[in-house]
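Letters A, B, ... are given to chains in the order of the sequence lines, protein chains preceding strands, and every chain is numbered from 1.
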Protein chains: 2
Amino acid sequence: MTSSGTGPRRVTIDDVAEAAGVSRQTVSRALNDKGEIGVSTKQRVLDAALALGYRPSRFARGLVRQDTFSVGLVIPDLLNPFFTEVAAAALDAARGRGWHVVVYDTGDRVEEERGTLEVIASQVDAVVGYLSLPEDEIARLTRGLPVVLIDRKHRSERFSSILIDGEAGVHAAIRHLTAAGHRHIGMLDHAERSEPSVRHEWFDAAMSACGLDSGSVARADQSVEGGERALQELLARHPDLTAVFTFNDIIAIGALRAARRLGRQVPRDLALIGFDGLRLGTLVEPQLTTVALDTRSLGALAVEQAARLLTGSGPLHSDQLTVGAELRVRESA
Amino acid sequence: MTSSGTGPRRVTIDDVAEAAGVSRQTVSRALNDKGEIGVSTKQRVLDAALALGYRPSRFARGLVRQDTFSVGLVIPDLLNPFFTEVAAAALDAARGRGWHVVVYDTGDRVEEERGTLEVIASQVDAVVGYLSLPEDEIARLTRGLPVVLIDRKHRSERFSSILIDGEAGVHAAIRHLTAAGHRHIGMLDHAERSEPSVRHEWFDAAMSACGLDSGSVARADQSVEGGERALQELLARHPDLTAVFTFNDIIAIGALRAARRLGRQVPRDLALIGFDGLRLGTLVEPQLTTVALDTRSLGALAVEQAARLLTGSGPLHSDQLTVGAELRVRESA
DNA sequence: TTGAAAGCGTTACCAA
DNA sequence: TTGGTAACGCTTTCAA
């Protein structure tokens, strides 16, 4: 009997040293391409390391030369193109700083988010992303880590937020519709939370600014199918609508499909304007008119702010942490 | 003069211990919610930690309790929906094992890939993904780390591969086309490497199996625009084509667009079959017929194999590392 | 060119 | 309930 349950012991630098008949600093030198080492010695060490299957411990290494940082990026659903764009931007910004990004997809489930935060604290130097837990719980789970919330306001000092200001963009969208003669404009809001979304508020404000009654609203799940169902429902209740603004592009694309199925030609019979400005919107037919967000800035700012929070180099202030949105007229309205 | 260039020293557990007037193990207990500690002591420690802004070193912690693993996932372009799906699957598989995934987007540039691998070795326990560097260079850069290549064969013992077998799927696609009466079938191959792709070989084999001359081929960049241009070029050279098989869905979607612009109605005037089976293919009009890959398995298998390689628990063997593909008939053919 | 010793910041194992 | 001491595996500094 030789096995004892603890599994094979890790191969350490000392094992390599012993095998090569040198000291461990010599091994370190050989492996890290420092000079000050004889060619044959180096080769012998390298061979020994290979033979033993030695892999340096990243923890031990990180402990002694404290020069690497990593952010935990928490997203609800990487397959949602919007989050993909934000994530890609965050990766890019992090690469620019030499930071590493550990990505967690919570699948839009709160328990997963909780589990992620629980485990994240010991893996990263800062947390960035879309979080839905209450602030005090986030604070508790993340211990002392800096946290940057995207598209969500914070109260606690410990947190920072990257906010979206779509007010001007949505106003432009509604003006665009009214200029085209639309008077009956509806909205497809999201269905996740109980209160109406901020985008809904912008919509209402824009409507009244244009002298229109607050439009009719249906709630849609954040998916193409959700948009499909919701438009169908909205039009059933309000057949007189000639234009619809949606919470986001995904929902708008669903609406596009539903409109086609219902025999409503877009934009002739029904004008559609989305929100987000996804690339995806240019791939559908007709191409989606949308209130476009700078998703790149969203992800990049989040990482940037995390970096500043961590290094103590003057964090950005609220007005620099807001991303605007502008109407991008394509074909659907 | 008080500043000396080295920046503020890190707050350690000893600082907290001193501030709270306890030993460092007591601090450790308080912070990790172990029992065996007085309530008031615990509170005092927690307060001190908060006041000092103490954050435990993840390296020191990882060093002592060696129970966390992470994979580096290297992809060429997260914004490409295909890679997004693979990445999402990898994240999911990793979560199941309690692994962390550090994601790197190389932007399809070799220097970035090189830079990534260079830095990755000290951050992760295994590397998984799409790599384009020569094997020996990968081996050198990744030191002793296990490496799992996706969609690429390996020679070295150090590596493992997740392979795609699309042969049967492509055969089915061509049979589907011939059954519909198509005789002049072309292909849009990718333009990246110099040799024809493996998918091209499957195409040729399928064509001759159906008794057809090896079709006409154009090369397309891996983008919607690339597909657009390539189809235009292909049809200019071979106006008699009635069907086209493409290297992947992205290119097919570009082809779809080009066909529309050229006044060729799909599938009536031109049948189109893609490869990959992206969700995106269901959002376009007409919905894309495609040879669908199980992208989830791709990502999941890669992580699974990395885990096995690392823990030494019998790595999967080649036949279990192959992902099949099947024809998914939708509307474009 | 090589080696010995001293950390890096934490948790685990005992003893008090 | 608390504290002392010994790891954890590596790199750095200083001597040889």
From the options [options], select the nucleotide whose nearest atom is closest to the side chain of [X].
X	options	result
T41(B)	dT10(C), dT2(D), dG3(C)	dT2(D)
T12(B)	dT12(D), dC10(D), dT10(C)	dT10(C)
R24(A)	dG9(C), dA4(C), dA6(C)	dA6(C)
V64(A)	dC10(D), dG3(C), dT11(C)	dC10(D)
R29(B)	dG3(C), dG3(D), dC10(D)	dG3(D)
Q25(B)	dG3(C), dG3(D), dT11(D)	dG3(D)

I need the [X] [atom1] to [Y] [atom2] distance, nearest 0.5 Å.
X	Y	atom1	atom2	result
S122(A)	F59(B)	OG	CZ	11.5 Å
L31(B)	L46(B)	CG	CG	6.0 Å
E18(A)	L52(A)	CD	CG	9.5 Å

For this session: Start with the C-alpha distance between V102(B) and S70(A), add both sets of side-chain angles, then the distance that settles side chain to side chain contact (heavy atoms under 4.5 Å, CB included), and finish with yes or no.
Result: CA-CA 9 Å; V102(B) 192; S70(A) 53; over 6 Å; no
For atom [atom1] of [X] and atom [atom2] of [N], their distance in whole Å:
X	N	atom1	atom2	value
R61(A)	dC8(D)	CZ	C1'	16 Å
R143(B)	dG9(D)	CZ	P	19 Å
F59(B)	dT11(C)	CZ	P	15 Å
D67(B)	dA12(C)	CG	C1'	13 Å
R10(B)	dG7(C)	CZ	P	19 Å
I13(B)	dG4(D)	CD1	C1'	14 Å
Q43(B)	dT1(D)	CD	P	16 Å
R58(A)	dC8(D)	CZ	P	18 Å

Problem set entry | Terminal axes of the helix from dT1(C)-dA16(D) to dA16(C)-dT1(D) (five pairs each): angle between them, nearest 10 degrees | 30°
Exercise. Looking at E113(A) and R109(A), does any basic side-chain N land under 4.0 Å from a carboxylate oxygen?
Worked result: no
Exercise. Do the ring planes of F69(A) and W99(A) sit parallel (below 30°), tilted (30 to 60°) or perpendicular (above 60°)?
Worked result: parallel
For this session: Look at the side chain of E135(A) and the backbone N and O of R155(A), then say whether any donor-acceptor pair between them is shorter than 3.5 Å.
Result: yes
Exercise. Does one side chain, of S160(A) or Q305(A), offer a donor that lies under 3.5 Å from an acceptor on the other?
Worked result: yes
Under 4.0 Å from OP1 or OP2 of [N]: is there any side-chain N or O of [X] that close?
X	N	result
S28(B)	dT10(C)	no
T26(A)	dT2(C)	no
K34(B)	dA12(C)	yes
S57(B)	dT10(C)	no
S23(B)	dG3(D)	yes

For this session: Describe the nucleic acid contact of K42(B) in one word from base, sugar-phosphate, nothing, applying a heavy-atom distance below 4.0 Å.
Result: nothing
For this session: Indicate, with a heavy-atom threshold strictly under 4.0 Å, whether L63(A) touches base, sugar-phosphate, or nothing.
Result: base
